[in-house]
Amino acid sequence: MQHTTRAYGGMTVAPHHLAAQAGRDILAEGGNAVEAMVAMASTIAVAYPHMNGIGGDGFWLIHEPGKPPLAIDASGPSAELASRDFYAERGIGAAEGIPTRGPLAALTMAGTLGGWQLALDQAAAWGPTLPLSRLLEAAIGHGRNGVAVSDSQAALTAKHLAALAAAPGFAETYLDAGQAPATGSRLRQAKLADTLEHLTRAGLDDAYRGELAASMAADLEALGSPLRRDDFTRYHARAVTPLEVRLGKARVFNLPPPTQGLATLMTLGVFERLGVSEGEGFAHLHGLVEATKRAFMARDTTVTDPGRLPRAPQSWLTSEALDREAAQIDASRALPWPHEPAEGDTIWMAAADGKGRMVSFIQSVYWEFGSGVVLPQSGVMWQNRGISFSLDPQALQTLEPYRQPFHTLNPSLARFDDGRVMGFGTMGGEGQPQTQAAIYSRYAHFGMDLQQAISAPRWLLGRTWGEASTGLKLEKRFPAPLVEALKAAGHDVTVLDEAFSDTMGHAGAIVRHPDGLLEGAHDPRSDGGAAAL
């Protein structure tokens, strides 16, 4: 049995142990939570390339005692040339949809590096800072010396080999003689290491307005992407006001559109109104699944580019709106579910320093390995987040230039009335709001130990990781009577073969208590860990 990690000096949690260690080392040298997270974000971009990278996007929630949480949207918009006409000229219409791999899937700016810089700028007022060269040191070393290929990278490369192998630069970077690498084999990424080292000299802004920007823009254009140099120059990460929901014991925060943060907060708010008094039984699971359905329906009619919202997302999180949604849930019957879900591959991490500051952070390239395109000069793998746009002009997510696509990414942070602060999150596309609600309800409502709240069996409504089924999937550790009760209530249940399934995502959490005690937990479904001082 895994146990919750406890310490007082500082803590990091990540789905790859090298990232957690990199952040802990920064905290040990007196770095703050934001600096630790930049070290973690750069390291995991090297160590877990199928899940994230510097050619993708990121979102931050930063807690500082006595101040409102700071949210950072570091997601990139579509290119100036990324229009429905651009694809129509290449014989691609609404029926075909945007290609999911290759240069035509690389149509949105990568924002995560801009988010690193904005977060560091915000944290500069906290005191002496460490140089960027120190923050990126671990990532550069792992890129040059190599990392051991993880089980999930090996498995997902093999699963999607046919789709990825043809993407420019992919085979040379991630395959072994044209085949998926074996678990434990050494993956070196020398070009990416050189790029990160260049940024330590030129600064992170060079990725948008300097030499690196010129290199990446030239490579993308030559390969056939609609992205151009002006798209880089135009980009800036943004500080935004987080969404929040008031629960009985806490205020919980998440990111506004274009993320699905609304779905996480709404699921928690609706579930609390159901009055479930005991965890892990039918009422708990059925209640959260039905609350998720209400939240997803609201999300799918609301969340889009922030400049084109049909309704204020916060309006779904008022007491009155949550009461109305909860009143529509049948405590004994499942709502039929013809929902069309979203996919996504992502990492979530947290860092807490000894001064009470905490970061909840998420970084992604969307699908595993994103577009699959690895830029020849920089070694940067580019995301395919823009494939969530539609080529249907009537769609809420219709493609237009400069538009932000829908994001599954959504890190959470809770401030409890008793002084505790909790950063929590997961990867896993559609599963993100569901897993976050499972972890929070287990810990906050039903008093489960933090590690057990993450390790306990989980469920997924809809699909993620390329699954075709949109029903309710359960890990096989759930008791048979509970499974039968869910089926009897009308849920379309599938019991997975695995006791701990990657389908359920890779979650983590850190809780800081008022006396400074830190508790950390990571997902046994991942290659991760919690590291502490």
Side-chain angles (χ1 to χ4, degrees), residues 59 61 68-69 71 73 75 238 240-276 286-331 334-342 344 360 362 388 395-397 403-415 424-426 429-441 444-445 461-462:
F59 294 93
L61 272 175
D73 175 346
S75 64
R238 300 180 300 124
V240 295
T241 301
L243 297 177
E244 65 174 281
V245 65
R246 175 69 209 187
L247 304 177
K249 298 179 180 180
R251 287 190 300 155
V252 185
F253 301 87
N254 207 302
L255 269 291
T259 83
Q260 65 170 340
L262 169 64
T264 295
L265 300 184
M266 193 171 167
T267 299
L268 290 171
V270 171
F271 174 75
E272 185 169 80
R273 282 157 173 77
L274 302 181
V276 177
H286 174 77
L288 277 176
V289 170
E290 295 305 295
T292 297
K293 293 174 181 177
R294 307 305 310 176
F296 279 0
M297 289 188 289
R299 177 199 68 184
D300 291 348
T301 60
T302 304
V303 176
T304 184
D305 179 89
R308 298 169 172 83
L309 297 175
R311 173 175 174 174
Q314 190 66 46
S315 69
W316 286 104
L317 299 173
T318 65
S319 293
E320 296 77 13
L322 294 170
D323 288 345
R324 286 195 300 270
E325 293 298 317
Q328 297 183 66
I329 291 177
D330 187 325
L335 179 74
W337 196 239
H339 181 65
E340 291 298 324
S360 180
I362 203 158
S388 62
L396 182 63
Q397 312 292 346
R403 192 168 186 180
Q404 285 183 280
F406 172 83
H407 275 268
T408 53
L409 313 184
N410 69 108
S412 286
L413 189 138
R415 287 178 166 179
F424 60 107
T426 184
E430 286 283 284
Q432 288 184 44
Q434 301 178 63
T435 292
Q436 291 187 49
I439 293 168
Y440 182 88
S441 64
H445 289 290
L461 175 70

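Hydrogens, waters and symmetry mates are skipped; everything else that's a heavy atom, side chains included, is used.
For the pair H407 (side chain) and G261 (backbone), a donor-acceptor distance under 3.5 Å is absent. Proximity of a side-chain donor or acceptor of S441 to a complementary backbone N or O of A438 within less than 3.5 Å is detected. Between the side chain of Q397 and the backbone N or O of V303, at least one donor-acceptor pair lies under 3.5 Å. In this structure, Q314 contributes its side chain and E244 its backbone to a donor-acceptor pair below 3.5 Å.
Interatomic distance, D300 CG to L396 CG, rounded to the nearest 0.5 Å: 8.5 Å. To the nearest 0.5 Å, atoms CG (L288) and CZ (F271) are separated by 4.5 Å. With rounding to the nearest 0.5 angstrom, the OG1 atom of T259 is 9.0 Å from the CD1 atom of I362. With values rounded to the nearest 0.5 angstrom, D323 atom CG is found 8.0 Å from T318 atom OG1. Atom CD1 of residue I329 and atom CG of residue L274 lie 4.5 Å apart, to the nearest 0.5 angstrom.
Residues P405 and S388 form a side-chain contact, since some pair of their non-hydrogen atoms from C-beta on lies under 4.5 Å apart. Between L335 and R294 there is a side-chain heavy-atom pair separated by less than 4.5 Å. The side-chain heavy atoms of L255 and P411, taken from C-beta on, include a pair separated by under 4.5 Å. You'll find the side chain of P306 reaches within 4.5 Å of the side chain of R238, heavy atoms only. Here the side chains of T304 and P310 are in contact, with some heavy-atom distance below 4.5 Å. Taking 4.5 Å as the limit, some side-chain heavy atom of Y440 sits within range of a side-chain heavy atom of L247. Side-chain contact between P258 and D305 is absent, with no heavy atoms from C-beta onward closer than 4.5 Å. The shortest side-chain heavy-atom distance between V245 and L322 falls under the 4.5 Å cut-off.
Heavy-atom minimum distance, R273 versus A326: CB-CB, 3.7 Å. Scanning all heavy atoms of the two residues, the minimum distance from A334 to E290 falls at CA-OE2, 3.6 Å.
Residues that satisfy the side-chain hydrogen bond (donor to acceptor under 3.5 Å, both in side chains) test with S412, not counting sequence neighbours, are N254, Q436.
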Extract all donor-acceptor atom pairs below 3.5 Å that involve side chains of residues 262-270 and protein atoms in other chains or at least two apart in sequence.
unit_1, atom_1, unit_2, atom_2, d
T264, OG1, N410, OD1, 2.5
T267, OG1, A263, O, 2.7

Just do the side-chain contact (heavy atoms from CB on, under 4.5 Å) check on R299 and W316 with the steps written out, would you?
CA-CA 9 Å; R299 177 199 68 184; W316 286 104; over 6 Å; no

Do S75 and Q404 pass the side chain to side chain donor-acceptor pair (under 3.5 Å) test, and can you show the C-alpha distance, the side-chain angles, and the key distance before you say yes or no?
CA-CA 7 Å; S75 64; Q404 285 183 280; 2.7 Å; yes

As a quick check of understanding, evaluate side-chain contact (heavy atoms from CB on, under 4.5 Å) for K293 and L461, giving each step before the final call.
CA-CA 9 Å; K293 293 174 181 177; L461 175 70; 3.6 Å; yes

Could you walk me through whether F424 and V252 pass side-chain contact (heavy atoms from CB on, under 4.5 Å), step by step?
CA-CA 10 Å; F424 60 107; V252 185; 4.1 Å; yes

